[in-house]
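Structure first, then comments.
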Protein chains: 2
Amino acid sequence: MEGVDKEKVQRIIYEMSKGSKYFENEKRKEAFIKQKIESLRAQRAKLTEKDISHFQMIVNKRILELDGSRDLSKIWLHTDMDAFYAAVETLENPLLKGKPLAVGGMSMICTASYEARKYGVRAAMPGFIARKLCPELIFVPTNFGKYTYYSEKTRNVFSKYDPDYIATSLDEAYLEITEICKQRSISSEEVAAELRNTIYQETGLTCSVGVAPNRMLAKFEFQLVEIGYTDLIALYWNIPVCSDINKPNGQFILPNDRDAVMTFISSLPIRKVGGIGKVTEQILREVLGISTCTEILQKGALLHALFSHCSTGWYFRY
Amino acid sequence: MEGVDKEKVQRIIYEMSKGSKYFENEKRKEAFIKQKIESLRAQRAKLTEKDISHFQMIVNKRILELDGSRDLSKIWLHTDMDAFYAAVETLENPLLKGKPLAVGGMSMICTASYEARKYGVRAAMPGFIARKLCPELIFVPTNFGKYTYYSEKTRNVFSKYDPDYIATSLDEAYLEITEICKQRSISSEEVAAELRNTIYQETGLTCSVGVAPNRMLAKFEFQLVEIGYTDLIALYWNIPVCSDINKPNGQFILPNDRDAVMTFISSLPIRKVGGIGKVTEQILREVLGISTCTEILQKGALLHALFSHCSTGWYFRY
DNA sequence: ACACAAATA
DNA sequence: TACTTATTTGTGT
DNA sequence: CGCCAGAAC
DNA sequence: TACTGTTCTGGCG
Ligand SMILES: Nc1ncnc2c1ncn2[C@H]1C[C@H](O)[C@@H](COP(=O)(O)OP(=O)(O)OP(=O)(O)O)O1
Ligand SMILES: Nc1ncnc2c1ncn2[C@H]1C[C@H](O)[C@@H](COP(=O)(O)OP(=O)(O)OP(=O)(O)O)O1
Ligand SMILES: [Mg+2]
Ligand SMILES: [Mg+2]
Ligand SMILES: [Mg+2]
Ligand SMILES: [Mg+2]
């Protein structure tokens, strides 16, 4: 994000949190994770070369399998409204336009306008800290009803492009647009641009859109299909770019092409991958020195050795 | 309550509320009730003398019936902890003792210590108004777990006096002590005093206790029994009196005697009766000029004429 | 099968 | 004064 | 019966 | 900045 003084933000958050019950609890948790990391390090140290090459073989086979089963024949589109709750509030009270705005109260805020984000204000941040970061921050209490109302409006649009669209929250959904592209013989870029425009016409709200090829259809884990897309696509729209402006109100298209996918993925920090959060990131980094997706492939054997074999599922994503 | 400047309190509440969304909504409701009252007044004006004497007969019969079915053979005891949540918090952090204390946050407080009540601070009052009333007010967030814990402790005591005690909230319960009084041949006063003492020993918390005769056992409305007691008893402990000090940490005994009950009840403001709240009080007062329980009996015919015949149930209480 | 932690919006 | 809530998924017993 | 308002803690 | 959440009951269509 442009122009956020991360240094200062972190300092203020620390100053405000220090000593609180919440803070103490966080420290407790951190300690517990450190311990878990130590234990994993010990396990890794015990692995022999033989163990590793053994696992490497298993992993190689699994990767080949998955690579082969990759399905590039569908086109999936992901949409996510920009600063959704805040955008709705601004729409209903235009005086708020352009102002740093937080939705929520002094105890917790659910989201913040992009103006507020410049100050480091974020979703899931307590309001009283946010106000320290940005004293002129305006607070609006949350009105769940409104957001549902506008969410329905966007969904009406979605259903015109894919009647079976998959909504994953009030403000985002996945659409399979393979058919639409074929029928109207237009590119996915054009569909994306049109969709964004329609949504804006219908609701006055902007959204960001990502388009990507899909992944293997339910092999045994039927619902994992969707997850396969989720990850990829969620990433795409994290990248600014495309015909339009920068981050909010933008779109990004990844071609249905193996090389494009691999190139795109390989340099991604793992933290961006869906399902890898603060804790998992820390564990992978401090135990195996893994930070990017390429490294996941490189150290596949170690991962397979140290983590539950269900985590092999992580490989679903490339 | 001693030494509360009601004038000032009301003024401050008004100043703080004025203009808020909450306030506007209250006004809307008020208007609606006014309208209802008008409608009832009109109905009353239409009643002929004949109508009234007709209803009077029905009502007289009903009253006689209920008077006859009154059961004075049982002894019921009602307990209610003093400033429960606040007392628990004070117990766990003695620094708070003697200080004006509110349990809750700036948006809402659940209860206040008696010190705070002197300033007009009350349960169900938003914290930011309470703080205006009493700037040195200390806020403690609610810890439902703690209250449940201490509630269980009190209930252990209750069960020794009546294994079938009826708990109606974390901090109050009804006990049938007829048997205990007989078995140990002690008066209900003695049981009450002993119970209060035991609870204090076990928990360090004080409570107020009321004792009263009971009412007809389920005639057709099986569960109404309990309600019959509820009203009476809830009233008793509203009256300071008895061997001990004044309001908190006190007890009051009403003898099992028809005259005593009638005398006690007759002068009570109806608002004190369970089930009659702000709205019903206003309606009865502004439509029929009823303010005390005696007047309810006097105007029984009108009540019967104007209100749903199930409201006849109000007569259950005398 | 279940309770618990992690991740996400 | 004040650090959410609902939901889904994986892990370890 | 389901929905809403009033009441209570 | 900010006016609860839960449970029960009676009225009403
Ligand atoms: N941690 C949270 N707790 C509660 N509600 C949240 C949380 N995070 C997000 N929300 C709500 C408010 C958001 O407007 C809405 C959509 O989330 P999300 O798409 O992640 O952010 P956003 O739409 O506000 O901004 P943007 O997508 O532009 O980054 O869900
Ligand atoms: N309106 C309310 N909203 C939420 N919780 C409440 C409310 N009123 C009371 N409580 C909680 C907090 C109280 O400590 C507890 C018992 O209520 P109650 O007996 O009426 O008052 P109290 O025990 O705090 O004081 P006291 O009984 O001495 O008047 O229930
Ligand atoms: Mg969004
Ligand atoms: Mg979203
Ligand atoms: Mg009490
Ligand atoms: Mg009580």
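Letters A, B, ... are given to chains in the order of the sequence lines, protein chains preceding strands, and every chain is numbered from 1. Keep in mind that this is a model prediction, so the values were computed, not measured.
No hydrogens or angles considered: nothing links the side chains of S151(A) and D171(A) as a donor-acceptor pair under 3.5 Å. Using modelled atom types and a 3.5 Å distance limit, the side chains of E92(A) and Y150(A) yield a donor-acceptor pair.
The same atom, P, is picked in dT8(C) and in dC3(D); the two are 24 Å apart, to the nearest Å. Distance noted for atom C1' between dT4(D) and dG5(F): 16 Å (whole Å). Separating the P atom of dT6(F) from that of dT7(D) is a span of 14 Å, rounded to the nearest Å. For the C1' atoms, the distance from dT7(F) to dA6(D) is 23 Å, rounded to whole Å. Annotation: dC3(F) and dT5(D) have their P atoms spaced 16 Å apart (nearest Å). Look at the C1' atom in both dA2(F) and dA7(E): the space between them is 25 Å, to the nearest Å.
Among the nucleotides dA6(C), dT1(F), dC3(F), the one closest to the side chain of I33(A) is dA6(C). Taking the side chain of E172(B) as heavy atoms from C-beta on, and the options dC9(E), dA7(E), dT4(F), the nearest nucleotide is dC9(E). Side-chain proximity of V279(A) to dG6(E), dA6(C), dA2(D): nearest is dA6(C). The side chain of D171(A) sits closest to dA9(C) out of dG6(E), dA9(C), dA2(F). Closest to the side chain of P141(A), from the set dA2(F), dC9(E), dT4(F), is dA2(F). When each of dA7(C), dG6(E), dT1(F) is scored by its nearest atom to the side-chain atoms of F139(A), the top-ranked nucleotide is dT1(F). In this structure, of dG6(E), dC3(D), dC3(F), it is dC3(D) that holds the atom nearest to the side chain of S20(A). In this structure, the nucleotide among dA7(E), dG6(E), dC3(F) sitting nearest to the side chain of M108(B) is dC3(F).
L101(B) is not listed as a side-chain neighbour of E115(B), based on a closest heavy-atom distance of 4.5 Å or more.
Atom CG in L170(B) sits about 14 Å away from atom C1' in dA8(E), given to the nearest Å. If you take CD1 of I283(A) and C1' of dG10(D), they are 13 Å apart, rounded to a whole angstrom. One interatomic measurement links the two molecules: CZ of R117(B) to C1' of dC9(E), which rounds to 12 Å at whole-angstrom precision.
Dashed line: the shortest gap from a side-chain N or O of S169(A) to OP1 or OP2 of dT8(C) is not under 4.0 Å. A sub-4.0 Å separation between OP1 or OP2 of dA8(E) and a side-chain N or O of T168(B) is absent. OP1 or OP2 of dT8(C) lies within a sub-4.0 Å distance of a side-chain N or O belonging to R271(A).
Heavy atoms of K21(A) sit nowhere under 4.0 angstrom from any nucleic acid atom. In this structure, F128(B) reaches the bases: a heavy-atom distance under 4.0 Å links it to at least one base atom across the strands shown. Among the protein residues, K278(B) comes within range of the sugar-phosphate backbone only, with heavy atoms under 4.0 Å from sugar or phosphate atoms but none that close to a base. Residue-level contact check: A123(B) touches neither bases nor backbone, having no heavy atom under 4.0 Å from any strand. Here I129(A) lies in heavy-atom contact (under 4.0 Å) with a base.
Ion pair K29(B)/E26(B) flagged as a salt bridge, since at least one NZ, NE, NH1 or NH2 atom sits closer than 4.0 Å to an Asp/Glu carboxylate oxygen.
Cation-pi check for R131(A) over F128(A) is not met; the charged atom does not lie both under 6.0 angstrom from the ring centroid and within 45 degrees of its normal. Cation-pi check for R117(B) over Y114(B) is met; the charged atom lies under 6.0 angstrom from the ring centroid and within 45 degrees of its normal.
With centres under 5.5 Å and a plane angle under 30°, the ring of Y22(A) is stacked against the base of dC3(D).
Remark: the S17(B) side chain and the dC3(F) base include a donor-acceptor N/O pair separated by less than 3.5 Å.
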